[in-house]
Amino acid sequence: MKFSNFFIPTLKDVSSDVKMKSHELMIKSGMIRQETSGIYSWLPLGYRVLKKIINKIEKIHDEGGVNQILMPTIQSSDIWKISDRYETYGKEMLRITDRNKKELLYGPTNEEMITAIGRQYIKSYKTLPRKFYHIQSKFRDEIRPRFGVMRAREFLMKDAYSFDIDEKNAEITYHDFYKLYLKIFEELNIPVIPVRAPSGEIGGNLSHEFHLIVESGESEIFIGEDVLKKKFNELSYKEVLDLKSFTDDYYKQTNFTEKLKSYKSIEIAHIFLFGTKYSSSFKFDVDSDKGKFKPFMGSYGIGVSRIPAAFIEYSNDKNGIIWPHSIAPFSIQLINLLTDDNQCLDFCDKLYIELIRNGFDVIYDDRTERPGIKFSDADLIGTPIQIIIGNSLKKNNEISIIKRKEKVEQKININEINNYLSNMLRKVI
RNA sequence: CGGGGAGUAGCGCAGCCUGGUAGCGCAUCUGUUUUGGGAACAGAGGGUCGCAGGUUCAAAUCCUGUCUCCCCGACCA
């Protein structure tokens, strides 16, 4: 992508209302635009980040045998009356009336709808387990939205749902999702901590949240000394349950006497095993050799649109965002400092094509701006690798490579570029 | 919902107390000189001051109402 053809409305100043670093940087870098309280547009740069995250989530769910579907944002009140949540969900539910005075709502979650789907088609125990997921906008009319997309009213969530024949099998599915989530965050380079959580409003008795530890986090978690060193995805189901790692709510409601360390954090995912709560209210019966039974269900959510903000909160400096390759909007920023010099222009054009051919996500700053602007834009939007072409190409046949995170400049002779790139390629992709 | 703040040019802000031709920085446009870390100079364009009503010779400024946004608490991915 050429910078001159890519819409990045960067800003120097944001309103003093903006308090959180990630919120500030997302607006400054032109990732998002607020439409109204708690509702945001994702601009090209931000949407690229979102799509990187979505792609990874899809890939790993698909590999895990979870079927992707797409349910609507608007739901009928009927199914919510069956589960009795139409009343209990309260004012967070955005209720809508259509022209025929039918009561609709913008879905805050989809347990009811997936249960209705399951009930219609799943008739035999032989077809279980079944796992579904979808990535769709949700709306929760928060009392006080804040911090940009971190606590928005409309937000993008990946929610998955599972049906099993009994509790024992459901626990296996739950543990599979636990590991699936760890894999997703590992591949995204987001170091999450799984913590035991109370189930709350969805119901059931087993629940974990996945938190990213950051100073400015709104949540608080309590974990044992050794927990941070654990390889969570190697834990057995029993070890998962025994892990000394809790949300503050859960910690308070247990009589746990051992002192644990507390950290501020951001919750980015949440999994529940809630059993037959919805299959019961929906009279969702499945036949087996031992008669009818109600499937055991679980639900598994990832706050997709919260992840960019959470990660920026975790990884930034005074100049801007510091992305890892896994979720960076671009991996390489190719910066031509001498746009009116034929040698540099020609070199950059060729290198740009070469980089694309090698599978890099590259943004090519071909603008006729001053160097300072190009550098500060590159730092702001946080591209992991900057390749700089300018005077040193003309004088010494050298180009510069700056890694955003380390901030060290490395000069490379143009004869060694191919070597260097193929080396880098191995690490990046 | 309780408590507190704010709506003035594309963005960030001042002006309001004490009514009298609407300002600053950034951005934009033109020109010249610059060009390895957000350039300098000269010029230009751009605002029914959130909306509605009232007071007044005169309202961004005072009064009333209203809408919106933000911040601090309880809800949540």
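By convention in this document, chain letters (A, B, ...) are assigned in the order of the sequence lines, proteins followed by strands, and residues within each chain are numbered from 1. Because the structure is a prediction, the values reported are computed rather than measured.
Distance check on atom C1': B:G4 versus B:A9 gives 29 Å, rounded to whole Å. Of the P atoms belonging to B:G50 and B:C13, the separation is 15 Å, rounded to the nearest Å. B:A27 and B:G45 are spaced 13 Å apart, taking the C1' atom of each and rounding to whole Å. Comparing B:U61 with B:G73, their P atoms sit 34 Å apart, to the nearest whole Å. Taking atom C1' on both nucleotides, B:G19 is separated from B:C29 by 36 Å, rounded to a whole Å. B:G43 sits 31 Å from B:G36 when the C1' atoms are compared, rounded to a whole Å. Rounded to whole Å, the separation between the P atoms of B:U56 and B:G10 comes to 34 Å. With both ends at atom P, the span from B:A14 to B:C24 equals 16 Å, rounded to whole Å.
When each of A:Pro295, A:Ser83, A:Ser299 is checked for a side chain to side chain contact (heavy atoms under 4.5 Å, CB included) with A:Tyr278, only A:Ser83 meets the rule. Exactly one of A:Phe185, A:Tyr300, A:Phe210, A:Phe232 qualifies for a ring-ring contact (aromatic ring centres under 6.0 Å, His included) with A:Tyr178. That residue is A:Phe210.
Legend: residues meeting ring-ring contact (aromatic ring centres under 6.0 Å, His included) with A:Tyr251, ordered by chain and number and at least two apart, are A:Phe222. Looking at residues two or more places apart in sequence or on another chain, you find no ring-ring contact (aromatic ring centres under 6.0 Å, His included) involving A:Tyr47. With sequence neighbours excluded, the residues forming a side-chain contact (heavy atoms from CB on, under 4.5 Å) with A:Glu35 are A:Arg33, A:Ile39, A:Ser41, listed by chain and number. Considering only residues two or more places apart in sequence or on other chains, A:Pro384 meets the side-chain contact (heavy atoms from CB on, under 4.5 Å) condition with A:His325, A:Ala328.
For the pair A:Met20 CE and B:C71 C1', the computed distance is 13 Å after rounding to whole Å. Note: CG (A:Leu94) to C1' (B:C75) measures 16 Å, nearest angstrom. Here B:C76 presents its C1' atom at 14 Å from CE of A:Met150, a figure rounded to the nearest Å. Residue A:Asp365 contributes atom CG, which lies 15 Å from atom P of B:G37 at whole-angstrom precision. Between A:Asp159 atom CG and B:C76 atom C1' the separation is 15 Å, expressed in whole Å. Spacing between atom CD1 of A:Ile221 and atom C1' of B:A77 amounts to 16 Å, rounded to whole angstrom units. Between the CZ atom of A:Phe7 and the P atom of B:G10 there is a distance of 15 Å, rounded to whole Å. Rounded to whole angstrom, the span from the CG atom of A:Asp248 across to the P atom of B:A74 amounts to 11 Å.
Nucleotide B:A44: paired with B:U28 (Watson-Crick or G-U wobble, both distances less than 3.5 Å). For B:A14, there is no paired base (Watson-Crick or G-U wobble, both distances below 3.5 Å). Across the strands present, B:G73 finds its partner in B:C1; the criterion is a Watson-Crick or G-U wobble pair with both atom distances under 3.5 angstrom. Base pairing analysis places B:U35 opposite nothing; no Watson-Crick or G-U wobble pair with both distances below 3.5 Å involves it. Base pairing of B:G65: its partner is B:C51, meeting the Watson-Crick or G-U wobble criterion (both donor-acceptor distances under 3.5 Å). Using the Watson-Crick or G-U wobble rule with both distances under 3.5 Å, B:U21 pairs with nothing in any strand shown. Pairing partner, B:U56: none, since no Watson-Crick or wobble contact has both distances short of 3.5 Å.
Classification of A:Glu239 and A:Lys230 as a salt-bridged pair fails, no side-chain N sitting under 4.0 Å from a carboxylate O. Ionic pairing of A:Glu313 and A:Lys21 is not present here: no N-O contact between side-chain nitrogen and carboxylate oxygen is shorter than 4.0 angstrom. A salt bridge links A:Arg367 with A:Asp377; the closest basic N to acidic carboxylate O contact falls under 4.0 Å. A salt bridge links A:Lys183 to A:Glu63: at least one charged side-chain nitrogen sits closer than 4.0 Å to a carboxylate oxygen. At a threshold of 4.0 Å, the pair A:Arg85-A:Glu111 counts as salt-bridged, since one of the basic side-chain nitrogens sits closer than that to a carboxylate oxygen. Taking the charged nitrogens against the carboxylate oxygens, A:Asp365 and A:Lys2 have no contact shorter than 4.0 Å, which rules out a salt bridge. The existence of a salt bridge linking A:Asp361 and A:Lys52 is confirmed by a sub-4.0 Å separation between a basic side-chain nitrogen and an acidic carboxylate oxygen.
Put simply, the side chain of A:Arg140 and the base of B:C76 share no donor and acceptor less than 3.5 Å apart.
When each of B:C76, B:C71, B:G38 is scored by its nearest atom to the side-chain atoms of A:Lys19, the top-ranked nucleotide is B:C71. Distance from the side chain of A:Met157 is smallest to B:A77 among B:A77, B:G37, B:C75. With B:G38, B:U68, B:A77 as the candidates, the nucleotide lying closest to the side chain of A:Thr36 is B:U68. Set against B:A77, B:A27, B:C70, the side chain of A:Glu142 has B:A77 as its closest nucleotide.
Among the atoms of the strands shown, only primed sugar atoms or phosphate atoms (P, OP1, OP2) are found under 4.0 Å from some heavy atom of A:Glu267. Residue A:Glu209 is out of contact with every strand shown, counting any heavy-atom pair closer than 4.0 Å. Heavy atoms of A:Ala152 sit under 4.0 angstrom from at least one base atom. Using a 4.0 Å heavy-atom criterion, one finds that A:Asp379 contacts the bases of the nucleic acid, with or without backbone contacts as well. Contact annotation for A:Lys28: no contact, since no heavy-atom pair falls under 4.0 Å across all strands.
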Are any protein N/O atoms closer than 3.5 Å to N/O atoms in nucleotides 12-14 of chain B? If there are, list each pair with its distance.
unit_1, atom_1, unit_2, atom_2, d
B:C13, OP1, A:Ser16, N, 3.1
B:C13, OP1, A:Ser16, OG, 2.9

Under-3.5 Å N/O pairs linking protein and nucleotides 28-36 of chain B:
unit_1, atom_1, unit_2, atom_2, d
B:U34, O2, A:Arg370, NH1, 2.5
B:G36, N7, A:Asn391, N, 3.2
B:G36, O6, A:Gly390, N, 3.4
B:G36, O6, A:Ser392, N, 3.4
B:G36, O6, A:Ser392, OG, 2.6
B:G36, N2, A:Glu409, OE2, 2.6

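Taking the nucleotide of RNA chain B with the nearest heavy atom to each of A:Phe147 and A:Asp377, the more 5' of the two is matched to A:Asp377.
For A:Arg146, no side-chain nitrogen or oxygen approaches OP1 or OP2 of B:C70 to under 4.0 Å. Residue A:Gln386 places none of its side-chain N or O atoms closer than 4.0 Å to OP1 or OP2 of B:G37. Look at A:Arg144 and you won't find any side-chain N or O under 4.0 angstrom from OP1 or OP2 of B:A74.
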